[in-house]
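Heads up, the thing below is written out as structure tokens.
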Amino acid sequence: MFTQIEAAVSRAFKQQLASKLNLNREVTLEQPKQSSFGELAIPVAFQLARELKRPPKQIAEELIAGLPKPEGVACFEIAGNGYINLRLDRGAYAWSILRGVETKPEQSLDKIIVEHTNINPNKAAHIGHLRNAVLGDTFVRMLRKRSYRVEVQNYIDNTGVQVADVVAGFHYLGHKSIDDVKALIESASPRFDYHCWDLYARISAHYKEHPESLAWRDATLHAIESGESDLVVLGHIVSDAIVSAHLKTMCRLGIKYDVLPRESEILHLKFWATALELLKQRNAIYFETQGKNKGCWVMPAAAFRTADAESERGEAEGEDSKVIVRSNGTVTYVGKDIAYQLWKFGLLGKDFYYRPGFSYPDGHQVWVTDDKPYATAPSFGAAAQVFNVIDSRQAYLQDVVVAGLRALGFTREADASVHFSYEMVMLSPRTCAELGIELSDEDKRRPYVEVSGRKGLGVKADDLIDKLIETALEEVESRHPDAPVEQRRQVATQIAAGALRYFMLKFTRNSLIAFDLHEALGFEGETGPYVQYAAVRAQNILRKFKERSGVLPDFERSLSPESLARCFDSEELWQLLLLASKADSIVDRAIGSGEPAHVAKYGFQLAQAFNNFYHHSPVLGEEDMERRNTLLWLTQYVHQQLLRTMDVLGIEQPEYM
RNA sequence: GGGGGCGUAGCUCAGUUGGAUAGAGCAUCAGCCUUCUAAGCUGAGGGUCGCAGGUUCGAUCCCUGCCGCCCCUACCA
């Protein structure tokens with residue numbers, strides 16, 4: 001509803017500009033700094049003042065003279081030295097909002113692909129991976145809430161160095177047979193993904209102490225590539241088992257995928273070979289005959305570097321170029337990524353085969369790529385826009401991928417490729433101490449410590465979730481000692497997941513998170529549980545009313561725009577209703593700015609406004625019927641909007657708290 | 001060396017594309033539970049928006065130069 005009014009006002013001003021000043025331009029709206037100024041502010045007069053060389057106030061006056069008032073708008077006012085402020089007709093606005101007159105945007109035809117998570121399948125997931133997955137999943141939820149068609153992909157690098165290292169660890173370091181590893185996967189303790197976590201740290205340390213053992217890695221990689229060895233089988237069962245563990249971990253946070261494209265199929269189905277031919281044909285890459293990259297196929301730096309920083313130093317020729325095919329003929333990760341990105345846009349002229357993978361409890365099916373026909377699957381890929389959720393360190397590689405598309409002439413697709421980047425999650429020194437992680441003297445001096453899979457340094461996702469559940473459970477048990485055990489566990493689990501998701505979302509993407517256990521375990525202030533608690537409170541009011549009176553009143557019969565206008569004369573009530581009505585508008589803006597954090601912030605603000613209301617305006621004790629019914633209706637509406645926002649954030653409302 | 005990011009309250013962070021009196025949470029201190037459960041509410045203190053210039057009616061925001069921190073700049077991913 002708020003979105004519609006924004007659009008209507010913007011349109012009205014645009015028309016006014018055209019007819020009065022003969023200007024054709026979009027009019028942006030903003031929120032007044034103070035709520036007493038009204039509901040919307042239009043600063044357009046300031047922008048025009050310079051061009052027209054006239055005082056802004058005069059322009060503002062001219063613009064609102066004879067301006068038709070869109071439905072729901074009470075008046076326009078001029079404030080300060082040129083602001084146009086708008087006030088809504090509170091009764092009319094509340095009446096249409098509360099009756100639920102909302103229009104849903106139509107489902108878009110174009111498909112958007114969001115690729116996220118993308119964890120190397122060689123060890124348990126850690127908190128850094130959680131940030132990626134939560135960001136990606138929330139962005140997907142934002143898009144879907146606004147009726148975009150979205151496909152969620154989780155790329156599995158099952159033939160890379162990291163998997164090879166763990167395979168080498170099993171084979172060379174541990175002398176484990178395929179059956180041994182299968183037994184390890186079956187055994188409950190230690191969990192296989194945790195076992196690999198330690199093994200990966202061990203083999204990495206071993207490489208460091210015995211550099212000659214790096215030959216194991218090469219041998220394993222070679223075996224995986226040629227496809228003819230027990231090591232290949234080992235690689236597959238390890239990565240399959242780990243992927244399955246990752247999916248379970250993410251599922252605890254409500255994160256699901258549609259399809260898992262695997263690197264093994266990119267290779268076996270000759271995706272890369274096809275892409276390579278294209279790149280050669282169109283001269284996007286060239287064969288280097290001299291210098292340090294001699295014998296490689298490289299992409300010239302000019303393709304992906306900003307034009308202004310052209311090589312002023314002439315000797316640097318080939319210095320910044322990116323190797324796509326190594327001199328030994330193997331392809332780099334970027335090369336495979338170009339092929340994958342081409343497929344995402346349907347530009348490769350090839351497709352994977354698919355088989356059903358993991359099934360979620362709700363029946364949702366994940367499909368996994370395969371190299372031979374298996375079953376009829378939904379169609380994947382061929383999107384109009386692609387978001388790759390990848391940490392900011394890989395910005396350069398992402399630039400190379402996009403440059404690849406552009407060099408092939410796919411400029412539209414290059415422009416539609418978005419690197420949805422985010423900063424790393426580090427550990428606070430205090431948290432390292434709490435977890436018993438020993439730090440080097442160098443690390444001790446830093447404000448935060450980098451998570452490192454190679455060093456086995458980090459907080460495992462499942463450990464963190466377990467710890468959160470434990471903390472929440474203590475609180476739930478002290479508050480609801482009589483509730484059934486299973487239910488208490490369920491509530492604690494929802495609170496834990498809510499706390500974790502909110503924590504990962506409250507920071508904007510390019511802000512580095514120094515993960516602090518104490519902070520993450522807090523359930524007070526700007527946290528997920530705070531938002532959940534507000535929703536629970538709203539639900540309690542509604543439930544209690546129904547317990548006493550059987551059903552909710554027939555609001556539309558007992559109230560009217562006029563009675564609502566009287567009640568919403570109160571500034572606090574009006575601001576609550578107004579804020580609650582902005583849920584969709586906020587999501588639209590957050591999609592535009594690509595910041596899930598904005599939705600999280602809004603959820604908190606709405607919860608905060610409701611908590612204020614909760615304390616200042618007792619609903620059930622209200623004696624005046626008209627007012628009581630209005631408060632009740634408002635409560636129902638805010639509850640609905642809170643749930644709507646929490647759904648976008650992937651946060652559930654517990655039954656009680 | 002080159003490219004990118006960051007610097008806002010004691011701490012962690014917002015700040016809607018240049019606008020009205022710079023905001024939250026945590027922490028600290030002082031209040032509020034016989035009520036729709038206090039995981040809450042009310043109030044207080046706390047700021048040279050890194051520094052210095054510039055652009056203009058107006059700058060935390062744009063430009064330039066410094067200072068400090070981080071990341072990238074692999075035939076690793």
Side-chain angles (χ1 to χ4, degrees), chain A residues 28-34 37 41 43 46-47 49-50 55-56 79-83 85 118 120 157 160-162 292-298 301 305-306 309 311-313 316 319-320 322-334 336-337 391-397 399 421 423-424 426 428 446-448 472 475-476 479-480 495 499 506-508 510-514 516 518-519 522-527 529-530 532-534 536-545 586 589-590 592-593 595 597-598 601 604-605 608 611-612 614-621 635 656-657:
Chain A
T28 55
L29 310 177
E30 57 185 44
Q31 195 171 317
K33 281 280 182 288
Q34 283 179 52
F37 293 151
F46 292 104
Q47 293 149 25
R50 190 173 307 180
N81 53 342
Y83 266 100
N85 291 333
N118 195 359
N120 271 302
D157 183 3
V161 173
Q162 294 213 19
K292 63 166 187 171
N293 292 334
K294 185 176 177 184
C296 300
W297 285 90
V298 301
R305 280 284 156 77
T306 42
S311 55
E312 299 205 349
R313 42 195 218 293
E319 189 78 1
D320 301 328
K322 180 67 199 169
V323 171
I324 305 296
V325 182
R326 303 183 185 102
S327 54
N328 67 5
T330 57
V331 58
T332 60
Y333 178 81
V334 195
K336 283 176 273 194
D337 225 20
D391 76 71
S392 63
R393 290 183 306 188
Q394 299 197 44
Y396 162 68
L397 284 308
D399 284 347
S421 78
E423 270 294 344
M424 310 298 298
M426 308 266 200
S428 75
R446 294 168 178 270
Y448 32 70
E475 195 70 27
V476 173
R479 287 161 192 254
H480 305 277
I495 291 171
K506 70 193 283 191
F507 307 95
T508 47
N510 69 351
S511 158
L512 189 149
I513 299 181
D516 187 87
H518 180 74
E519 212 181 306
F523 295 157
E524 289 165 20
E526 196 192 337
T527 64
Y530 179 96
Q532 290 172 312
Y533 192 52
V536 166
R537 280 177 150 176
Q539 195 192 41
N540 283 348
I541 294 174
L542 297 168
R543 183 175 51 209
K544 204 122 215 169
F545 185 90
I586 296 290
R589 280 169 191 255
S593 60
E595 277 294 3
H598 292 163
K601 186 70 86 182
F604 171 66
Q605 283 166 347
Q608 203 172 34
N611 274 333
N612 280 315
Y614 182 89
H615 279 272
H616 298 155
S617 315
V619 177
L620 300 184
T635 300
Y656 50 80
M657 279 181 80

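Note that the structure is predicted; figures quoted are calculated from it, not measured. Here is the naming used below: chain letters follow the sequence lines, and residue numbers restart at 1 for every chain. Below, all heavy atoms of this structure are taken into account, side chains as well, without hydrogens, waters or symmetry copies.
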Distance check needed: [N] [atom2] versus [X] [atom1], whole Å only.
{"X": "L512(A)", "N": "C13(B)", "atom1": "CG", "atom2": "C1'", "answer": "12 Å"}
{"X": "N510(A)", "N": "C6(B)", "atom1": "CG", "atom2": "P", "answer": "5 Å"}
{"X": "F507(A)", "N": "A24(B)", "atom1": "CZ", "atom2": "P", "answer": "18 Å"}
{"X": "H598(A)", "N": "U17(B)", "atom1": "NE2", "atom2": "C1'", "answer": "11 Å"}
{"X": "E30(A)", "N": "U17(B)", "atom1": "CD", "atom2": "P", "answer": "6 Å"}
{"X": "D399(A)", "N": "G3(B)", "atom1": "CG", "atom2": "P", "answer": "14 Å"}
{"X": "Y396(A)", "N": "C72(B)", "atom1": "OH", "atom2": "P", "answer": "13 Å"}
{"X": "F523(A)", "N": "G40(B)", "atom1": "CZ", "atom2": "P", "answer": "12 Å"}

With the stacking rule set at 5.5 Å and 30°, tell me whether Y614(A) counts as stacking on C36(B).
yes
Is there a Watson-Crick or G-U wobble partner for [N] with both distances under 3.5 Å, and if so, which one is it?
{"N": "G1(B)", "result": "U73(B)"}
{"N": "U21(B)", "result": "none"}
{"N": "G43(B)", "result": "C29(B)"}
{"N": "G68(B)", "result": "C6(B)"}
{"N": "U48(B)", "result": "none"}

If only side-chain N and O atoms of R393(A) are considered, is one of them under 4.0 Å from the OP1 or OP2 phosphate oxygen of A77(B)?
no
So what does [X] touch, heavy atoms closer than 4.0 Å: a base, only the sugar-phosphate, or nothing?
{"X": "A41(A)", "value": "base"}
{"X": "D516(A)", "value": "nothing"}
{"X": "E519(A)", "value": "sugar-phosphate"}
{"X": "S617(A)", "value": "base"}
{"X": "P43(A)", "value": "nothing"}
{"X": "K294(A)", "value": "base"}
{"X": "V619(A)", "value": "base"}
{"X": "R543(A)", "value": "nothing"}

Select one nucleotide: of [options], the one nearest the side-chain heavy atoms of [X].
{"X": "A79(A)", "options": "A20(B), C36(B), A74(B)", "value": "A20(B)"}
{"X": "Y530(A)", "options": "G5(B), C36(B), C41(B)", "value": "C41(B)"}
{"X": "V323(A)", "options": "U21(B), A39(B), C75(B)", "value": "C75(B)"}
{"X": "R537(A)", "options": "A38(B), A39(B), C36(B)", "value": "A38(B)"}
{"X": "H616(A)", "options": "U42(B), C26(B), U37(B)", "value": "U42(B)"}
{"X": "K33(A)", "options": "C36(B), A20(B), A38(B)", "value": "A20(B)"}
{"X": "N611(A)", "options": "A39(B), C36(B), G40(B)", "value": "G40(B)"}
{"X": "Q608(A)", "options": "U16(B), G40(B), A24(B)", "value": "A24(B)"}
{"X": "Q394(A)", "options": "U37(B), A39(B), A77(B)", "value": "A77(B)"}

Roughly how many Å apart are [M] and [N], using the [atom1] atom of each and rounding to a whole number?
{"N": "A30(B)", "M": "C67(B)", "atom1": "P", "value": "46 Å"}
{"N": "C51(B)", "M": "G10(B)", "atom1": "P", "value": "14 Å"}
{"N": "C6(B)", "M": "G50(B)", "atom1": "C1'", "value": "11 Å"}
{"N": "C69(B)", "M": "C26(B)", "atom1": "C1'", "value": "24 Å"}
{"N": "A44(B)", "M": "G53(B)", "atom1": "P", "value": "35 Å"}
{"N": "A77(B)", "M": "C62(B)", "atom1": "P", "value": "36 Å"}
{"N": "G15(B)", "M": "U8(B)", "atom1": "P", "value": "14 Å"}
{"N": "A24(B)", "M": "A9(B)", "atom1": "P", "value": "15 Å"}

Indicate yes or no: at least one non-hydrogen side-chain atom of [X] is less than 4.5 angstrom from one of [Y].
{"X": "K601(A)", "Y": "E526(A)", "answer": "yes"}
{"X": "F545(A)", "Y": "T635(A)", "answer": "no"}
{"X": "Y333(A)", "Y": "L397(A)", "answer": "no"}
{"X": "E475(A)", "Y": "F523(A)", "answer": "no"}
{"X": "Q532(A)", "Y": "M657(A)", "answer": "yes"}
{"X": "Y396(A)", "Y": "K322(A)", "answer": "yes"}
{"X": "W297(A)", "Y": "V331(A)", "answer": "no"}

Taking the nucleotide of RNA chain B with the closest heavy atom to each, which residue, Y656(A) or F37(A), is nearer the 5' end?
F37(A)
Taking the nucleotide of RNA chain B with the nearest heavy atom to each, does Y533(A) or R589(A) sit closer to the 5' end?
R589(A)
Do [X] and [N] have a side chain to base donor-acceptor pair shorter than 3.5 Å?
{"X": "S327(A)", "N": "C75(B)", "result": "yes"}
{"X": "H615(A)", "N": "U42(B)", "result": "no"}
{"X": "N85(A)", "N": "A20(B)", "result": "yes"}

Between N611(A) and Y533(A), a side-chain donor and acceptor under 3.5 Å:
no
Strictly by modelled atom types, are N540(A) and R543(A) linked by a side-chain donor-acceptor pair under 3.5 Å?
yes
Quick one: classify the glycosidic conformation of C41(B) as syn or anti, with syn meaning within 90° of 0.
anti
